[in-house]
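Structure, as structure tokens:
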There are 2 protein chains.
Amino acid sequence: MINGRQALRFRGKRITSQRELILRIIQEQGGHLGADEIHRLARRECPRLSLSTVYRTLGLLKELGLVRELRFEEGYSRYEMLGPDKHHHLVCLGCGKVIEFQCAHCARIHRDLGDHHGFQITGSRVELLGYCAECQKRREGR
Amino acid sequence: MINGRQALRFRGKRITSQRELILRIIQEQGGHLGADEIHRLARRECPRLSLSTVYRTLGLLKELGLVRELRFEEGYSRYEMLGPDKHHHLVCLGCGKVIEFQCAHCARIHRDLGDHHGFQITGSRVELLGYCAECQKRREGR
DNA sequence: TTATATGCAAACAATTTGCATCCTG
DNA sequence: CAGGATGCAAATTGTTTGCATATAA
């Protein structure tokens, strides 16, 4: 969050209570929240906060590289804090649970692939889809 | 496409001219088309085809496992033929070009990661984002 | 013949935008 | 004090649905 203030200030963007609140919520909740979940949580502290401000702030934070937008198999986007730790996601198709994982191999492979195709790779998204242990049981049970 | 007919027939679904047309377009164009691009192309042969039929057909083909839905960094979905060859995508952030690649390593790594987290992996999506050779030049030029 | 598909228009949901007002710098 | 940020309502965009009609099996 201090990071966030600095990033904002650095770009000549204003630090407002709304922006700080939204940033804090994304951090505290550990990520993977949709815009309206963020809105709902934020309104507990700032009831007049509008959904458009949430979207505008998310757009800003994305530009600043503080947040990244995730689009799983749902009809909306989720957002997470973006730190120096590159990670990917394991998503349960049964219950929607999301697990983060890191993979040094992946990073290397991706870079090699980029070279091979003459691409300068700036980012990667890896989503593994499947069923978590509980959902596997539940499905067998049927 | 013959495959498609069989799949449809097998599930007791009807084979209509619209469905054949849409399936053919996705195959011929090589994939990565959005719903309205498919609609636009299809209307050249069948001017009364409605966008809802396109969506309904895409949904059906997805269920049958003939087509998969891709969601890149855009605001809409793209669709591609889904064969036995598992592949992933390299997407140029400059011009939107999409290159498919295969990666045996990835598949293994993904399966191992699934095991490690107690997940039964049923699918994976890997997107590498960056700039293609031409777009790199264009950007340097600025 | 009869259930399934289609076309059209209307409904939806997520996200974006215009504009008057507010507030940070 | 001035220009960027907010709230609200209205507009957009991609996708889905209800229903009368058309058509594959």
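All values derive from a computational prediction rather than experimental measurement. The chains referred to below are lettered A, B, ... by the order of the sequence lines, with proteins before strands, and numbering in each begins at 1. All heavy atoms count here, side chains included; hydrogens, waters and symmetry mates do not.
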Can you name the nearest heavy-atom pair linking Ser77(B) to Arg71(B), along with the distance?
OG-NE, 3.8 Å

Could you tell me whether Leu51(A) contacts a base, only the sugar-phosphate backbone, or nothing, with contacts defined as non-hydrogen atoms closer than 4.0 Å?
base

Ignoring backbone atoms, establish whether Thr53(A) has a side-chain N or O less than 4.0 Å from OP1 or OP2 of dG7(D).
yes

Criterion salt bridge (charged side-chain N to carboxylate O under 4.0 Å, His left out) on Glu45(A) and Arg24(A), from CA distance to verdict:
CA-CA 12 Å; Glu45(A) 292 186 41; Arg24(A) 182 155 52 74; 2.8 Å; yes

What is the per-nucleotide protein-contact pattern of nucleotides 19-25 of chain C, from the 5' end, where B denotes a base atom under 4.0 Å from a protein heavy atom, S denotes such proximity for sugar-phosphate atoms only, and - denotes neither?
----BBS

All N/O contacts under 3.5 Å from nucleotides 10-12 of chain D to the protein, with atom names and distances to one decimal?
none

For side chain to side chain contact (heavy atoms under 4.5 Å, CB included), just list the numbers for His32(A) and His89(A), CA-CA rounded to whole Å, side-chain angles, deciding distance to a tenth of an Å, and then say yes or no.
CA-CA 10 Å; His32(A) 312 136; His89(A) 299 96; 3.3 Å; yes

Under 3.5 Å, side chain of Glu63(A) to main-chain N/O of Leu58(A), donor-acceptor pair present?
no

Hey, does the Lys NZ or Arg CZ of Arg139(A) hover above the aromatic six-ring of Tyr131(A), less than 6.0 Å from the centre and inside 45° of the axis?
yes

Stepwise salt bridge (charged side-chain N to carboxylate O under 4.0 Å, His left out) test for Arg108(B) and Asp112(B)
CA-CA 6 Å; Arg108(B) 262 233 8 249; Asp112(B) 291 349; 3.7 Å; yes

Expected output: side-chain Thr53(B) to main-chain Leu49(B) donor-acceptor under 3.5 Å:
no

Taking atom P of dT17(C) as reference, at what distance in whole Å does atom CG of Leu60(A) sit?
15 Å

By nearest nucleotide on DNA chain D, pick out whichever of Glu69(B) and Leu49(A) is the more 5' one.
Leu49(A)

Selected nucleotide, minimal atom distance to Ala35(B) side chain, candidates dT15(D), dT15(C), dA5(C)
dT15(D)

Phosphate-side-chain proximity, Arg48(B) and dC8(C), N/O vs OP1/OP2 below 4.0 Å
yes

Atom pairs under 3.5 Å: protein N/O with N/O of nucleotides 12-14 of chain C:
none

Intermediate values then yes/no, side chain to side chain contact (heavy atoms under 4.5 Å, CB included), Val91(B) and Glu73(B)
CA-CA 9 Å; Val91(B) 184; Glu73(B) 320 291 284; over 6 Å; no

Can a side chain N or O of Gln18(A) be found less than 4.0 Å away from OP1 or OP2 on dG7(D)?
yes

Heavy atoms, side chains only, cut-off 4.5 Å: are Leu90(B) and Ile121(A) in contact?
yes

Distance to the ring centre below 6.0 angstrom and angle to the axis at most 45 degrees; does that hold for Arg78(B) and Phe72(B)?
no

From Ile22(B) CD1 over to Tyr79(B) OH, what is the distance, rounded to the nearest 0.5 angstrom?
11.0 Å

